[in-house]
Amino acid sequence: MKLNKKGLGVALGVVFFCIFLAIPAYFWSQTNVKDLARWHNSRLSPVIMIPGSSATQNRFDGLVAKINSRSTKKHSLLKVKVYNDGTIKYSGKIRPKDEEPFIVVGFENNKDGYNNILKQAKLFNKAFAELSEKYEFNNFKAFGHSNGGLIYTAFFENYMSDYDITPKVLMTVGTPYNFSETSLQRKTQMLADFIKNRDRLPKELTVYTVAGTETYDSDGLVPERSVEAGKYIYQGAVKHFTQITVTGQDAQHSDLPQNDQIIELLERYVLQQNQGQKPKSKKNS
């Protein structure tokens, strides 16, 4: 009889121990299910923009204002500045229920040069990690002007695989993939490295590289051949790749973000209402 009571006590102890373990496990699983559901159901699909060298997080104010003036759908503008020590400061905000805000990421170190571009890509990764945790988006669109496109290329090759987030579109404008080289036969170290690591690019990505031509072969700063060099990085490594050239008024390098043709391309191929369209190779004039 004593043995039976002892056995019963042991059995009851095991049951209570299992319940003790099961209760926190249950609540932990419920919390994680809710977190995953919230993440997967997120409708937020931001357009994250990176300006070129010497530019700040205010670089695209005119572009965003133009887009908002042309549409009944108004996009929020959140500006992010990343300091050299990793400190991140925000200005502006994302309005409630705005599913497609613009987020501009600028840097304290906004200088030119390959080494700086690698540093900026690393700082952008820090900002991206914080943004994705704060706003819980599961996809985004990328836009880079000038060196901003180089920062994005370095980010995609070196950091994007760390995230379970889908980059849907990348549009680069006036991006010097081969710096100031005018010949595709002479590849800079940066271009050679980008080509070497192209297998790390997101395979589902759609890429548009846009060149401006103030003259027949340049936007006044970046040679058209340098923009064209982007094909050696992206073509065949991503889902779709398209090169586009704009000419005429505001086709000079620093004017490109306000160029009406660029804004039309951004509206057509990047903004959400047009997602799913197949890219078309074209020359704009």
Spatial distance of atom CD1 (Ile244) from atom CG (Leu265) [nearest 0.5 Å]: 4.5 Å

Close side-chain approach of Pro176 and Leu150, heavy atoms under 4.5 Å: yes

Within-4.5 Å side-chain heavy-atom neighbours: Ile94 and Ile103: yes

Donor-acceptor pair between Ser45 and Lys141 side chains, under 3.5 angstrom: yes

Under 3.5 Å: donor-acceptor pair, side chain of Glu108, backbone of Asn84: yes

Reported CZ-to-CZ distance for the pair Arg200 and Phe156, which is rounded to 0.5 angstrom: 15.0 Å

N/O donor-acceptor pair under 3.5 Å between Asn125 side chain and Ala121 backbone: no

Nearest-0.5 Å distance that lies between atom CZ in Phe155 and atom CD1 in Ile117: 16.0 Å

N/O donor-acceptor pair under 3.5 Å between Asn259 side chain and Ile262 backbone: yes

Heavy-atom neighbours of Lys231 NZ exceed 12 at 6.0 Å: yes

pair Arg186-Arg225: side-chain heavy atoms closer than 4.5 Å: no

More than 12 heavy atoms from other groups under 6.0 Å of NZ on Lys203: yes

Within the 6.0 Å centroid threshold, strictly below: Tyr152 and Phe124: yes

pair Glu136-Leu44: side-chain heavy atoms closer than 4.5 Å: no

Intermediate values then yes/no, side chain to side chain contact (heavy atoms under 4.5 Å, CB included), Lys79 and Asp61: CA-CA 10 Å; Lys79 301 177 187 179; Asp61 287 4; 3.0 Å; yes

Derivation of the side chain to side chain contact (heavy atoms under 4.5 Å, CB included) call for Phe140 and Leu131: CA-CA 11 Å; Phe140 73 103; Leu131 287 165; over 6 Å; no

Full working for side chain to side chain contact (heavy atoms under 4.5 Å, CB included) between Val246 and Val173: CA-CA 10 Å; Val246 298; Val173 176; over 6 Å; no

Main-chain N/O of Ser146 paired with Thr175 side-chain donor or acceptor, under 3.5 Å: yes

Donor on one side chain, acceptor on other, Tyr234 and Thr153, under 3.5 Å: yes

Flag side-chain contact, heavy atom, 4.5 Å: Glu157 against Ile233: yes

Atom of Ile165, atom of Ser132 and distance for their closest heavy-atom approach: CD1-CB, 3.5 Å

Residues, nucleotides or ligands: over 12 heavy atoms within 6.0 Å of Lys74 NZ: yes

Minimum-distance pair of heavy atoms, taken over all atoms of Thr56 and Pro51: O-CG, 3.5 Å

Check: Ser76 side chain, Pro101 main-chain N or O, donor-acceptor pair, under 3.5 Å: no

Shortest non-hydrogen contact between Pro223 and Ser180, atoms and distance: CG-O, 3.6 Å

Interatomic distance, Leu184 atom CG to Tyr232 atom OH [nearest 0.5 angstrom]: 4.5 Å

Closest non-hydrogen atom pair between Pro167 and Glu204, with its separation: CD-OE2, 3.3 Å

N/O donor-acceptor pair under 3.5 Å between Lys168 side chain and Asn139 backbone: no

Val270 vs Glu100 side-chain heavy atoms within contact, under 4.5 Å: no

Gln261 side chain vs Thr245 backbone, donor-acceptor pair below 3.5 Å: no

Intermediate values then yes/no, side chain to side chain contact (heavy atoms under 4.5 Å, CB included), Leu63 and Leu266: CA-CA 10 Å; Leu63 182 153; Leu266 196 154; 4.2 Å; yes

Inter-residue atom distance Lys66.NZ - Ile263.CD1, 0.5 Å rounding: 4.5 Å

Asn68 backbone acceptor or donor facing Ser71 side chain under 3.5 Å: no

Minimal non-hydrogen separation, Leu118 against Ala154, with atom names: CD2-CB, 4.3 Å

Tyr177 versus Thr172, side-chain donor and acceptor atoms under 3.5 Å: yes

More than 12 heavy atoms from other groups under 6.0 Å of NZ on Lys122: no

Nearest-0.5 Å distance, CG of residue Asp98 to NZ of residue Lys73: 7.5 Å

Close side-chain approach of Ile151 to Phe107, heavy-atom, < 4.5 Å: yes

Ring-face cation contact, Tyr83 with Lys89, 6.0 Å cut, 45° max: yes

Side-chain heavy-atom pair Val47, His75 within 4.5 angstrom cut-off: no

Under 3.5 Å: donor-acceptor pair, side chain of Gln243, backbone of Glu228: yes

Parallel, tilted or perpendicular: rings of Phe60 and Phe143 (30°, 60°): perpendicular

Contact summary for Asn110 and Ala55, nearest pair of heavy atoms: ND2-O, 3.2 Å

Pair Asp193-Tyr114, side-chain donor/acceptor within less than 3.5 Å: yes

Phe128 ring center near Tyr159 ring center (under 6.0 Å): no

Expected output: side-chain Thr188 to main-chain Asn178 donor-acceptor under 3.5 Å: no

